[in-house]
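Okay, so here's the structure we're looking at.
Every number for a ligand or one of its atoms is a count from 1 in the order of the listing.
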Amino acid sequence: MKKLSVFFAIIFGMMGIVRADEGMWLPMFVERLNYVDMQKMGLQLTPEELYSINNSSLKDAIVGLSNGAKPRGFFCTGEIVSQNSLLFTNHHCGYSSIAALSTVEHDYLNEGFAAKNFSEELPAEGVSASFLIRMEDVTAEILSVITDDMDYMARQKAIGEKIKELEEAASEDGKLNPVIKGFFEGNEYYMFVYKTYTDVRLVFTAAQSIGKFGGDTDNWMWPRHTGDFSVFRVYADENGEPAEYSENNKPLTPKYNLPISLDGVKQDDFTMIWGFPGSTERYMSSYGINYNVDVFYPIVYEVFKAETDVMDEYMKVDKAVNIAYADNKAGLANTWKNFEGQITMLRKNKVAERKAALEAEFTEWVNADEDRKAEYGDVLETLEVMYAQLAEVAPYLFYPNFTAQLSPMATAAEFSEYYQVMTSKESSKEDKKAAAEALKEIDVDAMFKDLDARVEKGMLIAVMNIYGSKFENDELPEAIQKLMKKYKGDWTALANDIWDKSMFSNAETVKAFIEKPSAKKLEKDLAYVMYNALIEQLYTAAPAYRIANIAIAEADHEFVKGLREFYAATQPDKVLYPDANSTLRMSYGSVKDYSPADAITYDYVCTANGILEKYIPGDFEFDAPQRLLDLIETRDFGQYADDNGELITCFLSTNDITGGNSGSPIMNGKGELIGLAFDGNWEAMSGDVNFEPKLQRTINVDIRYVLFVIDKVYGATNLIDELDIHKAMPEPIRVEEE
Ligand code: ARG
């Protein structure tokens, strides 16, 4: 195994020409791999100012947002912008907290919220903010535990145990949160040591008609006019250490906070983004891509879209439904539109074809050497066969899975343990009594709190019909075949009856059941019957699915190992970067326009004028607050206007990011905050699998629009006062000073 680490040292040690734009680089290697290149492009900071484990550096202003005290991954990124740990992130990153804090009476989601002082700031329950203390290479330690005679599962087990051991040793009795992750499909391992703060509070949000302006229609699209930001603050105990929420906690004094520039951007300006990209598949085989495009993504797309269509119908007309479903809907819609985009653009950009061409070259290289043939000769064939197996079983797994997650079935599922105990011959009287007692622990009101009967029933009908259209009668579980006979193949009629007759569609009947539970009642309940049948179908498909997935993971590990040797041998200048895996990364590039199609060029900035153009009064997605409209009409942009007197809302850059980077700071060559990354563009939705230099752009909200909204639209000048705002002196003065 030693050979491996020597090999990596060679790869990382190469000072080859790094192509800018593409790549999500590891902080500890920036100096070695990227620094020269970045300097040429316009970076003015030293490597020490970017990443240092001894002195405060830029990385100390970057936080991973997650849930709980020991996160292993992050849903979004935030950045510290004041000495009181004011934190900027995206509106869609704060969305879940904002929605949870909103009620019809205090509708922060639709009206906005601005705390006037610390005491008005609202605890964002469950949200945590993690700072990276340091990272280190632990490849040698981790790989030391595996031997040649171990099979894949034995290796995974040994590695898992070693990871646990090293993490515990680095945790300083639980004060720190060390996380070890595999890189290059388990060919390398790095430990990231975080300090995780669990008292995070909402400080400011604009109405969603600013924060989510354009809604799901504009999501993943350019041109863009979304004010996708929200503001939080990190709190600590009196020693500056992480603590659960307490009134006595104080704003954390951070090691570093980002200064902010009001100077804006020009085409080709250097840009740098730090954050926590969640997952990419840049080394995926053509077989994996085809499986996603042809099988997996279409299933998810169809089901999720059907669900959000129903939600939309009621969210548009009912404020309580609008708030209750906001978060769930945003997540589902973001996913189905992403998958729709990936299906379209992976095909259009011919990604699988290009990967297949690479695989042909790889195969030729493998076949030219007997040792290589012995090691990698059957890797691609394994992937082909195993993805075919996945494709075959996927429908039998995912359709029942999504159907079983609908509310009456999901509620019924809560009672299956009770049923097992009541009907098992091995259960004693005491067991049965205890099982019935345990039901009283279920918080039925919490379960039904955010459910609207019209929406839930509508989704049940829609998804049951999708489910029903996928299988021949004899492919269905027996219990469902029986039901279909009774309902004469009418899935809508069955769905209606499940909703109307099951006790699990209504909180009161569930409570009544808990008072007087019985296995017999469960057996007769339509939702319970349906749930069990779906689970049976899913369990039947699960082993083949699992086996294929393990074989794929093992083959991918080998394939990436081989690919790295292939590149080292054939293109020694190429520096490889690891796939995103929810660890801190840096990406650098520049401000750039693009051409989405022949004869069309998209500008790299959007202005507030576009808000007036897109504005539709009262619309679900394109309404806007009157105050914002007035300020734009009167061109009252204050110090936030650019040199032409325009207010820039969003701008494009070539940085390589993905989901999880949302909320990441985009900085200029001086390390000043110029915006927040929040989206990718439609034409490059294939970008997680293959970076497209000509097409792929990060969409950023301009920091001047962010501050304009805080300051001019909401008058929250208390927050502006906290910031470290830089504005370049007019040109002549600067010349004189020199
Ligand atoms: N596309 C963005 C991302 O994945 C999320 C945008 C959320 N907005 C929305 N309209 N659903 O980072």
Side-chain angles (χ1 to χ4, degrees), residues 24 64-66 73-78 88-99 109-110 205-230 273 275-280 297 300-301 304-305 307-309 311-312 315-316 322-323 325-342 344-345 580 582 585 587 611 614 619-624 649-650 652-653 655-666 675-689 696-701:
M24 302 170 175
L65 297 176
S66 191
F74 307 96
F75 62 78
C76 274
T77 304
F88 283 175
T89 186
N90 289 149
H91 182 264
H92 78 262
C93 296
Y95 203 68
S96 180
S97 299
I98 298 164
L109 204 52
N110 293 301
T205 177
Q208 64 173 336
S209 53
I210 291 177
K212 202 183 168 170
F213 180 76
D216 291 307
T217 301
D218 272 10
N219 189 19
W220 301 111
M221 297 289 179
W222 184 260
R224 199 63 167 276
H225 302 85
T226 310
D228 200 343
F229 77 96
S230 59
I273 290 177
F276 292 87
S279 136
T280 53
Y297 290 164
V300 179
Y301 167 80
F304 285 14
K305 176 145 192 334
E307 293 182 355
T308 62
D309 283 348
M311 291 178 186
D312 263 352
M315 284 174 78
K316 283 179 184 167
N322 183 300
I323 295 170
Y325 283 86
D327 188 33
N328 192 359
K329 193 224 142 172
L332 293 169
N334 192 46
T335 301
W336 69 246
K337 195 165 176 186
N338 176 301
F339 285 5
E340 179 188 23
Q342 287 208 52
T344 313
M345 296 308 164
S582 215
R585 303 295 179 89
S587 119
I611 296 173
K614 286 178 176 175
D619 185 72
F620 187 48
E621 297 184 310
F622 291 96
D623 200 4
T649 55
C650 298
L652 294 175
S653 66
N655 300 76
D656 187 2
I657 67 158
T658 188
N661 265 121
S662 283
S664 290
I666 179 161
L676 273 59
F678 73 94
D679 212 353
N681 61 327
W682 188 247
E683 296 80 6
M685 292 296 278
S686 51
D688 278 355
V689 181
Q696 194 155 338
R697 296 293 178 266
T698 287
I699 302 176
N700 309 282
V701 57

If the cut-off is 4.0 Å to any non-hydrogen atom of [X], which atoms of ligand 1 fall inside it?
X	result
W220	1 (N), 3 (C), 4 (O)
N334	1 (N), 2 (C), 3 (C), 4 (O), 5 (C), 6 (C)
F678	2 (C), 12 (O)
G215	10 (N)

* Does Y95 reach ligand 1, in the sense of a heavy atom lying below 4.0 Å from it? ->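 So Y95 does not count as touching ligand 1.
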* Measuring from the heavy atoms of S662, does anything fall under 4.0 Å of ligand 1? ->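 For ligand 1, residue contact (heavy atoms, under 4.0 Å) with S662 is present.
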* **Sub-3.5 Å N/O-N/O distance, D228 and ligand 1** => no
* Asked: R224 and side-chain hydrogen bond (donor to acceptor under 3.5 Å, both in side chains): which partner among T649, N700, D679, N681?
  ->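 When side-chain hydrogen bond (donor to acceptor under 3.5 Å, both in side chains) is applied between R224 and each of T649, N700, D679, N681, only D679 qualifies.
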* To do: Could you check whether the rings of F74 and F276 sit parallel, tilted or perpendicular, using 30° and 60° as the cut-offs?
  => tilted
Could you grab the distance from atom [atom1] of [X] to atom [atom2] of [Y], nearest 0.5 Å is fine?
X	Y	atom1	atom2	result
T226	I210	OG1	CD1	11.0 Å
I273	S664	CD1	OG	6.5 Å
T205	L109	OG1	CG	7.5 Å

* To do: Write out the residue and atom name of the closest protein heavy atom to atom 11 (N) of ligand 1, then the distance separating them to 0.1 Å.
  =>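 Result for atom 11 (N) of ligand 1: D216 OD1, 2.8 Å.
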* Closest protein heavy atom (residue, atom, distance) for atom 6 (C) of ligand 1 ->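 Answer for atom 6 (C) of ligand 1: N219 OD1, 3.2 Å.
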* Asked: Are M315 and I323 close enough that some pair of their side-chain heavy atoms sits under 4.5 Å apart?
  -> no
* List the atom of A330, the atom of K212, and the distance in Å for their closest heavy-atom pair. => CB-NZ, 3.8 Å
